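None of the values given here were measured: they were computed from a predicted structure. Residue numbers begin at 1 in each chain, while the letters A, B, ... track the order of the sequences.
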Amino acid sequence: MTDAILAQLDRLVPNIPLQVVSQGAEALVLSTQTHPYAQKSGTFIIKYRPPKPYRHPKIDAQITRSRTAGEAKFMAKLRRAGIRAPNLVSVDPNGGLIWMESVGEILPNGAVSSLKNLLWYLEQGSEAAGLLVQSQLELACRHTGAVIAKLHMNDMVHGDLTTSNMLLQEGEAYLIDFGLSSYSALAEDKAVDLYVLERAVLSTHSVHAEKYNGWLLAGYKDEQCGAYASVGGKKKYSETLKKLEDVRLRGRKRSMLG
Amino acid sequence: MAPIDLDKYVRPGKDHFLALGLEGSANKLGVGVIKHPLGELTPENRALILSNVRDTYITPPGEGFLPRDTARHHRNWVVRIIKRALADAGVAGADLDCICFTQGPGMGAPLQSVVIAARTLAQLWELPLVGVNHCVGHIEMGREITGAENPIVLYVSGGNTQVIAYSNQRYRIFGETLDIAIGNCLDRFARTLKIPNEPAPGYNIEQMAKRGKHLVQLPYTVKGMDLSMSGILGYIDGVAKEMFGPQQKKLVDKETGEEITPEDLCFSLQETLFSMLVEITERAMAHVESNQVLIVGGVGSNERLQEMMALMVKDRKNGSVYSTDERFCIDNGIMIAHAGLLAYRSGQTNALEDTVCTQRFRTDEVFVEWRD
């Protein structure tokens with residue numbers, strides 16, 4: 001199937017060498033060395049939403065356009081707010097294309113430096129290196145928590161926080177994939193965001209989940225109650241945490257009627 | 001986990017199990033008799049459907065079915081339908097192993113009236129009772145009929161809209177509606193347009209949609225793995241009221257200049273709602289890396305939905321869609337008998353005091369002991 005999608009993509013951006021990074025239900029992520037309009041070198045990421053054959057062409061065009069434009073706008077706003085995320089290079093809403101700068105590094109074991117891979121990588125070496133690795137793990141989690149705190153302080157919600165949607169570069173955490181992101185000032189929505197992350201950590205890093213979640217939340221708290229203390233960060237933090245307790249108890253949203 | 005012994009409870013001297021299933025969670029009253037051979041069910045060792053009788057309570061156009069009237073319909077018909085199901089199957093009450101009934105989810109009053117019939121029969125014939133989750137009944141029947149092994153299940157009916165995957169002894173809900181169910185959305189729009197409820201409002205919308213040509217843009221409300229439909233219904237109801245209410249406003253298609261018809265509205269509603277369903281199903285498939293989809297529930301008999309699902313699955317490696325026809329898609333007694341018998345064979349029965357029905361009974365509350 002990927003071949004057919006790549007053929008469609010080739011019509012939009014002809015003659016560019018592309019490498020598939022990952023494929024989700026909605027979009028294909030590729031990497032390339034070519035900049036769309038400037039003579040710049042470096043690695044760029046293309047996120048492509050292909051047309052879906054099952055949808056009516058009008059519905060399909062509308063969804064592709066609004067989602068692509070929405071995601072690009074969200075990324076631009078992140079940059080203005082100073083939240084670490086990939087820089088937007090160009091966007092083609094009708095074609096469903098977003099170009100962005102690549103973030104992240106390659107770990108010594110060859111994997112991309114997502115928080116997930118980093119944790120897995122460090123866990124493996126932790127027996128030999130001991131304390132040093134412990135602090136590295138803690139730092140990575142705390143940095144990530146701080147970025148999420150910043151996001152929430154700007155009334156933005158990621159919508160799909162998992163450890164594979166966070167990349168580390170030079171010790172700093174970056175957020176990626178804003179396909180499900182939205183704007184919300186409600187403590188409820190932020191709490192759900194944190195809950196989704198908590199569950200994701202639990203399912204991908206079950207052995208040390210408690211420790212990691214503790215560090216992530218600690219980083220979140222330090223940022224909101226530290227850097228944002230003067231703009232009501234403490235109050236927002238306690239509101240969100242209180243809601244998080246509720247969300248944890250409630251789990252899923254709805255009890256079903258026949 | 002070692003597979004459990006499914007033949008532990010077989011009656012001495014018999015080489016099969018027989019169960020009677022009673023379903024009445026909504027406006028259909030269904031009774032069925034199913035026969036399981038000994039051993040695990042496989043494509044070579046299948047369950048045998050001995051009878052499957054159904055009677056639907058149909059209301060006039062523009063009206064829905066109310067719990068009290070539906071319960072009265074079920075009470076009036078339950079004895080006749082059970083007699084017919086037993087006669088069709090050629091089975092006497094004494095031959096059965098258990099009586100299975102829908103314990104929920106559903107409308108309270110209709111559930112109550114059917115469970116009373118089940119309790120009465122169980123005491124008359126001295127048989128154990130097995131309470132069945134309606135959703136699990138749909139899933140198990142779909143699996144048995146189609147032979148799908150471990151599919152992502154899209155359960156779409158008048159009261160439910162869920163994307164389900166099996167893991168670790170439970171049917172887990174990945175995505176679901178945040179407000180009304182898809183069948184409810186279609187039925188209520190049918191009422192707005194005064195489309196007949198015979199044989200089913202959704203079926204009539206499907207037939208009208210086949211003649212629709214122009215797409216009216218509607219809201220599209222997928223939220224991650226979940227979806228919301230009440231806003232879409234409100235929007236299209238508003239459009240229909242403008243067109244057919246006192247205003248008699250004429251809407252035209254922007255591209256062709258042709259007038260928008262009720263058929264176009266049905267077409268647009270289906271296209272929008274089904275796109276949303278297929279999208280969340282695809283997301284769940286990508287998430288659990290499955291390539292099979294099983295569509296169950298009344299709306300699952302819609303051919304356009306099946307077609308769209310097939311188009312989506314074609315783009316996935318070795319993908320396949322499984323669906324059943326109206327005999328098994330729409331609520332029926334046989335699915336309750338089947339799922340109930342599976343539970344009975346793994347040792348789950350309900351004591352008389354535990355047969356209280358519940359309107360709220362989530363799919364993931366059931367411990368699925370019979371699968372590994």
Is the number of heavy atoms from other residues, nucleotides or ligands within 6.0 Å of [atom1] ([X]) greater than 12?
| X | atom1 | value |
| --- | --- | --- |
| B:K213 | NZ | no |
| A:R79 | CZ | no |
| A:K73 | NZ | no |
| A:Q19 | CD | no |
| A:R199 | CZ | no |

Quick check on A:L180 against chain B: is it the side chain, the backbone, both or neither that has a heavy atom closer than 4.5 Å? side chain
If you round to the nearest 0.5 Å, how far is [atom2] of [Y] from [atom1] of [X]?
| X | Y | atom1 | atom2 | value |
| --- | --- | --- | --- | --- |
| A:K52 | B:M308 | NZ | CE | 12.0 Å |
| B:L215 | A:K58 | CG | NZ | 5.5 Å |
| B:Y220 | A:R67 | OH | CZ | 5.5 Å |
| B:Q270 | A:H56 | CD | NE2 | 12.5 Å |

Counting heavy-atom pairs under 4.5 Å with chain A, which one of B:E271, B:E307, B:K223 comes out on top? B:E271
Most contacts with chain A, counted as non-hydrogen pairs under 4.5 angstrom, among B:L111, B:T358, B:V278: B:V278
Is there a side-chain contact between A:Y54 and B:E279, using heavy atoms and a 4.5 Å cut-off? yes
Side-chain contact, heavy-atom cut-off 4.5 Å: A:E26 with B:R283? yes
Most heavy-atom pairs under 4.5 angstrom with chain B, which of A:P53, A:S182, A:S66? A:P53
Contact class of B:T102 relative to chain A, heavy atoms under 4.5 angstrom: neither
